[in-house]
Asker: 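Below: one structure in structure tokens.
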There are 2 protein chains.
Amino acid sequence: MSDSDLSDFRISSLRQACAHCSLNQLCLPMSLSEADIEQLDSIVERRRPLQRGDHLYWGGDNFQAIYAVRSGSLKTYTTTEEGEEQVTGFHLPGELVGLDAINTWVHPCSAASLETTSICELPFEQLEHLAADIPGLQRQLLRLMSKEIFADQEMLFAMARRSAEERLAMLLMSFSDRFARRGLSATRFRLPVARSDLGNYLGLAPETMSRLFRRFSDQGWLKAEGREIQLIEPDALSELAGRGMIEEPAEPRRGDGTD
Amino acid sequence: MSDSDLSDFRISSLRQACAHCSLNQLCLPMSLSEADIEQLDSIVERRRPLQRGDHLYWGGDNFQAIYAVRSGSLKTYTTTEEGEEQVTGFHLPGELVGLDAINTWVHPCSAASLETTSICELPFEQLEHLAADIPGLQRQLLRLMSKEIFADQEMLFAMARRSAEERLAMLLMSFSDRFARRGLSATRFRLPVARSDLGNYLGLAPETMSRLFRRFSDQGWLKAEGREIQLIEPDALSELAGRGMIEEPAEPRRGDGTD
DNA sequence: CGCCTACTTGAGCGGCATCAATGGGTGTGG
DNA sequence: CCACACCCATTGATGCCGCTCAAGTAGGCG
């Protein structure tokens with residue numbers, strides 16, 4: 001509950017319509033008409049909150065629905081044959097999980113709650129039918145998947161080319177941005193994630209994480225007390241994170257397919 | 001032309017219908033009815049082949065279409081502010097490129113031809129409309145995007161956790177599989193890619209690539225003469241590649257959302 | 001209080017990058 | 001036909017970043 005704003009919560013205790021959801025600009029409803037949102041709303045199932053450590057689904061589960069985080073947070077992770085874990089993402093309110101299961105209809109990863117977390121469930125078959133009827137919804141679905149592909153590619157780039165420092169800076173700025181989009185402070189927040197998970201996600205050992213936080217803190221760039229983070233010089237971190245980020249040319253070049 | 005079979009080629013010199021395309025089980029038409037394929041076919045534009053080094057699109061170009069490789073091969077790559085390149089993928093016949101541009105309607109990466117390459121162009125707006133009418137097409141589109149997300153996550157995992165040897169083994173097996181799916185030899189093929197691009201993709205220096213190929217070759221696992229590869233012991237490579245691959249549990253566990 | 005997990009800090013090492021030099025293949029122009 | 005340039009691939013020497021191992025500290029919860 002920590003993330004949903006109070007007025008919303010009071011108005012609609014059990015029946016929390018998409019139309020009134022403070023996250024509807026982050027989630028699927030974006031840019032849909034009121035009537036369309038109502039249709040979407042009618043297939044959404046809201047369930048009792050997950051407690052910390054509860055799983056929304058397990059790798060290997062049959063795929064039935066896509067899920068939107070309403071409050072709280074999730075991590076998704078895969079498991080190797082040897083039992084090694086690899087965290088594939090952290091998911092904050094307004095973000096979707098489960099898109100990677102559409103292909104095989106089996107969840108390739110597990111999704112675990114990092115704190116008390118409430119979820120909207122979007123049964124996929126119904127969502128598919130609805131998307132065929134509502135062009136804006138189909139487009140939004142494709143957009144979100146495209147966005148995920150792009151994000152993964154940026155992450156890939158980071159893993160391939162960037163130093164540990166730069167990777168952590170990127171992740172911190174990513175959290176900062178995502179909190180800010182929800183109207184929270186961009187410079188003071190509580191990471192819902194343990195150091196070891198952060199490190200795992202970034203492909204770094206937990207010890208390295210400690211040393212990085214210490215280094216950043218020694219530089220005066222941030223204060224970190226456990227998971228409580230205060231960014232003192234976001235610009236420094238942003239510069240570090242942005243160094244070597246993917247170029248976004250201002251004006252399109254010709255796209256006629258020849259060179 | 002090297003990949004399309006001759007009878008196809010004779011039948012339809014300019015007009016090469018999806019229905020007769022030898023790749024239609026790899027590309028979008030998969031599992032569509034004949035009538036549906038014909039509709040899809042009607043929006044597909046086939047263009048004159050790209051020569052080696054030609055660009056299909058540039059990063060920053062406005063997004064207009066998704067492209068399917070018909071023969072030849074492409075690489076996609078991003079460019080940093082400093083001019084550094086990062087290869088984000090290699091694309092063989094039957095595979096799609098451009099999905100990462102749907103979100104912003106701007107191509108976030110460039111696509112360059114690695115050899116003489118022919119392409120099918122799928123104008124996205126028309127594809128969207130068609131997908132709304134043909135449920136199977138919408139589903140196939142979502143599936144392919146989901147697949148890409150999953151593939152990127154596997155790659156991420158590899159970059160985060162696997163050694164240089166394991167990464168190269170994975171890539172070799174990936175090429176082997178993709179050639180095999182098209183009916184080509186799984187153990188003897190020509191990489192359409194320079195060592196330096198392979199290395200770039202894997203986050204490794206070209207020098208490291210050389211040493212790796214030498215090591216594999218010394219082990220008797222493969223013969224490599226330039227880009228010409230012969231896998232002698234695919235099982236050894238497969239074991240190396242598969243070590244620590246993502247688990248795919250045999251039987252689904254419960255997916256009721258609680259733990 | 002004791003246990004467990006998360007986090008921190010130090011010491012040492014190894015994998016891979018970097019720098020540098022050389023060899024081979026291919027296209028170009030004389 | 002050869003000379004030259006250019007790119008790609010190979011090989012060796014060296015160094016650094018981040019992992020591993022090990023120990024110690026702090027906080028949460030029975």
Side-chain angles (χ1 to χ4, degrees), chain A residues 51-53 75 82 84-87 112 114-116 157-172 190-218 222-229 240 243-244, chain B residues 51-53 75 80 82 84-87 112 114-116 157-172 190-219 222-229 240 243-244:
Chain A
Q51 295 307 310
R52 177 197 167 112
K75 72 168 176 182
E82 291 88 12
E84 240 179 327
E85 252 188 33
Q86 169 65 32
V87 174
L114 295 167
E115 56 194 312
T116 302
F157 173 79
M159 303 293 284
R161 293 265 166 288
R162 310 267 62 97
S163 70
E165 274 191 353
E166 290 168 323
R167 280 185 246 171
L168 178 55
M170 284 179 62
L171 184 59
L172 288 173
R190 180 182 173 77
L191 295 173
V193 193
R195 291 274 194 285
S196 60
D197 278 343
L198 288 183
N200 184 302
Y201 176 64
L202 294 175
L204 299 170
E207 295 94 327
T208 305
M209 295 302 293
S210 262
R211 289 184 245 270
L212 287 175
F213 271 107
R214 167 157 256 292
R215 218 181 296 172
F216 284 175
S217 162
D218 286 350
L222 54 73
K223 281 203 175 77
E225 291 178 7
R227 300 182 182 183
E228 213 68 52
I229 305 292
L240 197 59
R243 175 176 309 162
Chain B
Q51 295 308 310
R52 176 196 168 111
K75 71 168 178 183
T80 68
E82 292 88 11
E84 240 179 327
E85 253 189 33
Q86 169 66 31
V87 174
L114 296 167
E115 55 194 313
T116 303
F157 173 79
M159 303 293 284
R161 293 267 166 289
R162 309 267 64 97
S163 69
E165 274 191 354
E166 291 167 323
R167 279 184 246 171
L168 177 55
M170 284 179 62
L171 184 58
L172 288 173
R190 180 183 175 76
L191 295 174
V193 193
R195 290 275 192 286
S196 59
D197 277 343
L198 288 183
N200 184 302
Y201 176 64
L202 295 174
L204 298 170
E207 295 93 328
T208 304
M209 295 302 293
S210 262
R211 288 184 245 270
L212 288 175
F213 272 107
R214 167 158 254 293
R215 218 180 297 171
F216 284 175
S217 163
D218 286 349
Q219 298 271 0
L222 54 73
K223 282 204 175 78
E225 290 180 6
R227 301 183 180 182
E228 213 68 52
I229 304 291
L240 196 59
R243 174 175 309 162

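So that the names make sense, note that chain A is the first sequence line, chain B the second, and so on, each numbered from 1. Everything quoted here is computed from the prediction, not taken from an experiment.
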Asker: Rounded off to whole Å, could you give me the CG-to-P distance for the A/Asp218 and C/dT9 pair?
Answerer: 9 Å
Asker: Note the angle between the end axes of the helix from C/dC1-D/dG30 to C/dG30-D/dC1, five pairs defining each, rounded to 10 degrees.
Answerer: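 If I round to tens, the end axes sit 30° apart.
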Asker: In whole angstroms, how far is the P atom of D/dG18 from the CG atom of A/Leu168?
Answerer: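 Rounding to the nearest Å, CG of A/Leu168 and P of D/dG18 are 11 Å apart.
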Asker: Rounding to an integer number of Å, can you tell me how far B/Met159 CE sits from D/dC19 P?
Answerer: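 Atom-to-atom, B/Met159 to D/dC19, this comes out as 14 Å.
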Asker: Which is more 5' along DNA chain D, the nucleotide nearest B/Thr208 or the one nearest A/Leu212? Just name the residue.
Answerer: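 Counting from the 5' end, the first nearest nucleotide belongs to B/Thr208.
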Asker: Check the pair A/Lys75 / A/Glu85 against salt bridge (Lys or Arg N to Asp or Glu O under 4.0 Å), numbers first and verdict last.
Answerer: CA-CA 12 Å; A/Lys75 72 168 176 182; A/Glu85 252 188 33; 3.7 Å; yes
Asker: Can you list the steps and then say if A/Phe216 with A/Leu172 is a side chain to side chain contact (heavy atoms under 4.5 Å, CB included)?
Answerer: CA-CA 11 Å; A/Phe216 284 175; A/Leu172 288 173; 4.2 Å; yes
Asker: Apply side chain to side chain contact (heavy atoms under 4.5 Å, CB included) to the pair A/Leu202 and A/Met209, showing each step before the final yes or no.
Answerer: CA-CA 9 Å; A/Leu202 294 175; A/Met209 295 302 293; 4.3 Å; yes
Asker: Within the modelled atom types, does a donor on one side and an acceptor on the other bring the side chain of B/Arg195 and the base of D/dT11 under 3.5 Å apart?
Answerer: no
Asker: Using a 6.0 Å cut-off, check whether atom CZ of B/Arg52 has over 12 heavy atoms from anything other than its own residue.
Answerer: no
Asker: Per the atom types in the model, does the base of D/dG12 pair as donor or acceptor with the side chain of B/Arg211 at under 3.5 Å?
Answerer: yes
Asker: Return the value, rounded to whole Å, for the distance between atom CZ of B/Arg162 and atom P of C/dG15.
Answerer: 15 Å
Asker: What is the separation between atom CD on A/Glu225 and atom P on D/dT25, rounded to the nearest whole Å?
Answerer: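 Taking atom P of D/dT25 as the reference, CD of A/Glu225 is at 20 Å.
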Asker: Given atom CZ of A/Arg227 and atom C1' of C/dC7, what is their separation to the nearest angstrom?
Answerer: 11 Å
Asker: Please step through side chain to side chain contact (heavy atoms under 4.5 Å, CB included) for the pair A/Thr116 and A/Gln51, ending with a clear verdict.
Answerer: CA-CA 5 Å; A/Thr116 302; A/Gln51 295 307 310; 3.4 Å; yes
Asker: Check every atom of C/dA6, D/dC19, D/dT11 against the side chain of B/Arg214 and return the nucleotide holding the closest atom.
Answerer: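 Of all the options, the side chain of B/Arg214 is nearest to D/dT11.
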Asker: What does A/Gly199 touch in the nucleic acid at a heavy-atom separation under 4.0 angstrom: a base, only the sugar-phosphate, or nothing?
Answerer: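 No contact.
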Asker: Can you tell me the distance, in whole Å, between the CD atom of B/Glu165 and the P atom of C/dG15?
Answerer: 10 Å
Asker: Below the 4.0 Å mark, does D/dA9 have OP1 or OP2 next to a side-chain nitrogen or oxygen of B/Ser210?
Answerer: no
Asker: For B/Leu198, which of B/Val193, B/Leu212, B/Leu204, B/Val87 qualifies under side chain to side chain contact (heavy atoms under 4.5 Å, CB included)?
Answerer: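 Testing B/Leu198 for a side chain to side chain contact (heavy atoms under 4.5 Å, CB included) against B/Val193, B/Leu212, B/Leu204, B/Val87 leaves exactly one candidate, B/Val193.
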Asker: If you only use heavy atoms from C-beta on, which nucleotide in C/dA6, D/dT20, C/dC16 is closest to the side chain of A/Ala205?
Answerer: D/dT20
Asker: Over how many whole Å does the gap from A/Asn200 atom CG to D/dT20 atom P extend?
Answerer: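 Whole-Å distance recorded here is 12 Å.
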Asker: Measuring from the side chain of A/Leu204 (C-beta onward, heavy atoms only), which nucleotide among C/dC16, D/dG18, D/dT20 has the closest atom?
Answerer: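 It is D/dG18.
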Asker: Can you tell which of C/dC16, C/dG10, D/dG18 lies closest to the side chain of A/Glu207?
Answerer: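 So the side chain of A/Glu207 is nearest to C/dG10.
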Asker: Could you list the residues that satisfy ring pair (Phe, Tyr, Trp, His ring centres under 6.0 Å) with B/Phe213, not counting sequence neighbours?
Answerer: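 For B/Phe213 there are no ring pair (Phe, Tyr, Trp, His ring centres under 6.0 Å) partners, ignoring immediate neighbours.
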